[in-house]
2 protein chains.
Amino acid sequence: MVTLAQVARHAGVSPSTVSYVISGKRSISQDTRLRVERSIAELGYHPHAGARALASNRSNVIALMIPLRTDMFVPVMMEIAIAITTTARRYAHDVLLLTSEEGPSAVKRIAGSGLADAMILMDVELEDERIPLLRQTGAAAALIGLPADPTGLTCVDLDFEATGRLAADHLADLGHREVALIGAAESVYRRHTGFAERTLAGFRQQASARGLSYLHRPCGNGHEAASGTLSRILEERPHTTGFVVQNETALPHLLSQLRQSGRAVPEDVSVVAICPDDVALHSAPQLTSVSIPAQEMGRRAVELVMAQAAGQQTSGLTLLGPTLTVRESSGPAPQIS
Amino acid sequence: MVTLAQVARHAGVSPSTVSYVISGKRSISQDTRLRVERSIAELGYHPHAGARALASNRSNVIALMIPLRTDMFVPVMMEIAIAITTTARRYAHDVLLLTSEEGPSAVKRIAGSGLADAMILMDVELEDERIPLLRQTGAAAALIGLPADPTGLTCVDLDFEATGRLAADHLADLGHREVALIGAAESVYRRHTGFAERTLAGFRQQASARGLSYLHRPCGNGHEAASGTLSRILEERPHTTGFVVQNETALPHLLSQLRQSGRAVPEDVSVVAICPDDVALHSAPQLTSVSIPAQEMGRRAVELVMAQAAGQQTSGLTLLGPTLTVRESSGPAPQIS
DNA sequence: TTGAAAGCGCTAACAT
DNA sequence: ATGTTAGCGCTTTCAA
């Protein structure tokens, strides 16, 4: 291991000078800076992370807690995680990956060990057990998702209520009168992950406002679940012509099922998906969708915790406005024959 | 922050004693141990990670380098990452997440900064740029995947050649004579990620040995790509009755396309998937498949790097034997009419 | 079975 | 603009 002291010797300066060249915390003459930088490069020096953390009381690490669950759409989580990691690097930070397996005590461990100087929590539940600890330790943190009481917390999420409203509006605008929301797996609702319920609330509200009759059904993963849910909806309300789907894994099954049942998209029924853009683009037909801005959510979360670590107050909600992109899967409601 | 010194004072012992109680590196009287442990619990003490890393020259962190690519099946990556994280915790280690965005230099940074005491690399290419650095730094490391020259490296992977052979054998056993391998996206082959080519090699070898005529086609993501690939195969070889599919995202599209083209599975054509079990189970019909043992790969990788960090020599390949599970998608070849 | 004390490599006052 | 130096909290000899 190359140490700072070795660099100092090699460059013919004092250790502190090397430190200051690296941190830029005081002005250095052009000449010394160059000599030091050359020595660093020549020796292949990298500061020892532990020593730095010990001396500076900052670890330059962000802890990211991801869920273990299997009922969430994994690619979105991954995209957020990657956005967090690449954004963190821009702030010279690394990301420590924690799973919820360890439970709420992970929050204590991280806060207590100086392993990370900020945390980002994903898949936040309405009454999340980690939140009291977060409040108590006062650690810099951002949540991706919305708990029941976000007071004093920093949260980032898509505005799912507006998303539900937007989708309902789009279908109403196209003249649909009977619509259905095909949602996430039942387990998601049962554990009160906020996003599913918020979408439903927004959807209901706007469907009512626009005089639509609507139905809501959770939907599990897999072909079985998807086609079952769909056929039960169609049995109950055969004249349903508009579907909002908030379940990425069910989408291909749903589409193939609609085709099989002789309903053409978008001539007979319209489909609005709530999903990442690439899923919408890779479906046939390409889906009208409200996109999940995974990258931006990750980026924002990092920016917020970095601002906190720099001493700023950031508490409050960052609700990203939904955008609906019209593609091939939605069209005017069929004339009543 | 609670420090070890505070714990020592609280328990009425010396700092070193507290340290030894924690590490278990020397025997402590029942009495002292209990007092110290109570103090630790009472004060909510957690060792400072940086200080510990500095003093012990071990960070208790494993670095995990994941790819940024979008052409891999994300859930498998995620499952491996999670298995690595939970297994690491069993060794009292945490996981640092790095993306390949930073490039090969990330290897240098990690090795040089003491940030991690071992690394696990995913999505290894045949001529991976990170490998020379790995050899050069001599860092404890495990690769998930197989490079062209694994000499001196520790690698974990599914035995994809055996997988290809196994799939070909299964179809041959069922009497199929014309078969096709629908593979990963072309980009995967182009960049010479080993697994796709190894599957193909095994498949070819055994198909030849069993006297099958075979075809191989890469297949992109999305409905468009999947149905295009399938119809081109059927155009070229209309009597193809056996398919091996190594492309999780294409599977639902392929199945719905087969149905649409009037081919029943498994009566008219058989499908063998190479995919995680849950994907096989959530398809309709449930798929005969060779499973991707994501969890085991992650677990093994951690065990191997931990053994290395403990000074053992582990270099060599760990190729997990494939298992084929017969489900509903494969059956006897139809009689030639 | 326990204590005392010397660092680990860095940062950040405090000097000049 | 640069150097000196006192820790940061822990591990681990060396001593008892």
Side-chain angles (χ1 to χ4, degrees), chain A residues 1-37 39-40 43-61 92 94 109-117 309, chain B residues 1-37 39-40 43-61 92 94 109-117 309:
Chain A
M1 268 230 39
V2 186
T3 70
L4 181 146
Q6 295 176 320
V7 174
R9 218 170 307 131
H10 185 273
V13 298
S14 76
S16 62
T17 298
V18 176
S19 176
Y20 284 118
V21 165
I22 292 171
S23 69
K25 287 188 181 171
R26 76 180 181 192
S27 50
I28 302 281
S29 73
Q30 191 64 187
D31 181 57
T32 2
R33 150 168 294 116
L34 251 48
R35 271 214 324 291
V36 170
E37 279 167 351
S39 297
I40 289 178
L43 301 181
Y45 169 73
H46 287 274
H48 187 284
R52 174 176 272 190
L54 180 57
S56 67
N57 209 23
R58 311 186 60 254
S59 63
N60 277 26
V61 167
D94 279 291
R109 189 168 67 86
I110 296 306
S113 68
L115 244 181
D117 21 60
Chain B
M1 267 230 39
V2 185
T3 71
L4 181 146
Q6 295 176 321
V7 174
R9 217 169 308 131
H10 185 271
V13 299
S14 75
S16 60
T17 299
V18 177
S19 176
Y20 284 118
V21 166
I22 292 171
S23 69
K25 285 188 181 170
R26 78 180 182 193
S27 49
I28 303 281
S29 74
Q30 191 64 190
D31 181 56
T32 341
R33 150 168 295 116
L34 252 46
R35 271 214 323 292
V36 170
E37 279 166 350
S39 297
I40 289 177
L43 301 180
Y45 168 72
H46 289 273
H48 186 285
R52 174 176 272 190
L54 181 57
S56 67
N57 210 24
R58 311 187 59 258
S59 63
N60 277 22
V61 167
D94 279 290
R109 187 168 68 87
I110 297 307
S113 67
L115 243 181
D117 22 58

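Residue numbers start from 1 in every chain, and the chains themselves are labelled A, B, ... in the order their sequence lines are given, proteins ahead of strands.
Between the side chain of A/N60 and the main chain of A/D94, no donor-acceptor pair closer than 3.5 Å is present. Remark: side-chain polar atoms of A/S56 are paired, donor with acceptor, to backbone N or O of A/R52 under 3.5 angstrom. When atom types are taken as modelled, the side chain of B/T32 and the backbone of B/I28 share no donor-acceptor pair closer than 3.5 angstrom.
When each of B/G12 and A/A5 is assigned the nucleotide of DNA chain C with its nearest heavy atom, B/G12 is the one assigned upstream, toward the 5' end. Take the nearest nucleotide of DNA chain D for A/L54 and for B/V18: the residue whose nucleotide is more 5' is A/L54.
Checked by atom type, the side-chain pair B/S16/B/S19 shows no donor-acceptor distance below 3.5 Å. Side chain to side chain, B/H46 and A/S113 fail the donor-acceptor criterion of an N or O pair below 3.5 Å.
Side-chain nitrogen and oxygen atoms of B/S29 include at least one within less than 4.0 Å of the OP1 or OP2 phosphate oxygen of C/dT2. Phosphate contact (OP1/OP2 of C/dT1, side-chain N/O of B/S27, threshold under 4.0 Å): present.
Between C/dT2, C/dC10, C/dT11, one nucleotide has an atom nearer to the side chain of A/S19 than all others, and that is C/dT11.
Backbone-only engagement by B/T32 is indicated by non-hydrogen atom pairs under 4.0 Å involving sugar-phosphate atoms exclusively. If you check every strand for non-hydrogen atoms under 4.0 Å, B/S16 touches a base.
In this structure, B/Y20 atom OH and C/dA4 atom P are separated by 14 Å, rounded to whole Å. Rounded to whole Å, the distance from NE2 on A/H46 to C1' on C/dC10 is 16 Å. What separates NE2 of B/H48 from P of C/dC10 is a distance of 15 Å, to the nearest Å. Counting to the nearest Å, the P atom of C/dA13 and the NZ atom of A/K25 are 9 Å from each other. Rounded to an integer number of Å, the gap from CD of A/Q6 to C1' of C/dC10 is 13 Å.
Across every non-hydrogen atom of A/V13 and A/R35, the tightest pair is CG1-NH2, 3.5 Å. Contact between B/V61 and B/L115 at its shortest, heavy atoms only, is CB-O, 3.4 Å.
Between the side chain of B/R26 and the base of C/dG3, a donor-acceptor pair under 3.5 Å is found. Between the side chain of A/S56 and the base of C/dA12 there is no donor-acceptor pair of N/O atoms closer than 3.5 Å.
The nucleotide range of DNA chain D contacted by chain B, defined by atoms under 4.0 angstrom from heavy atoms of the protein and reported 5' to 3', is D/dG9 to D/dC14.
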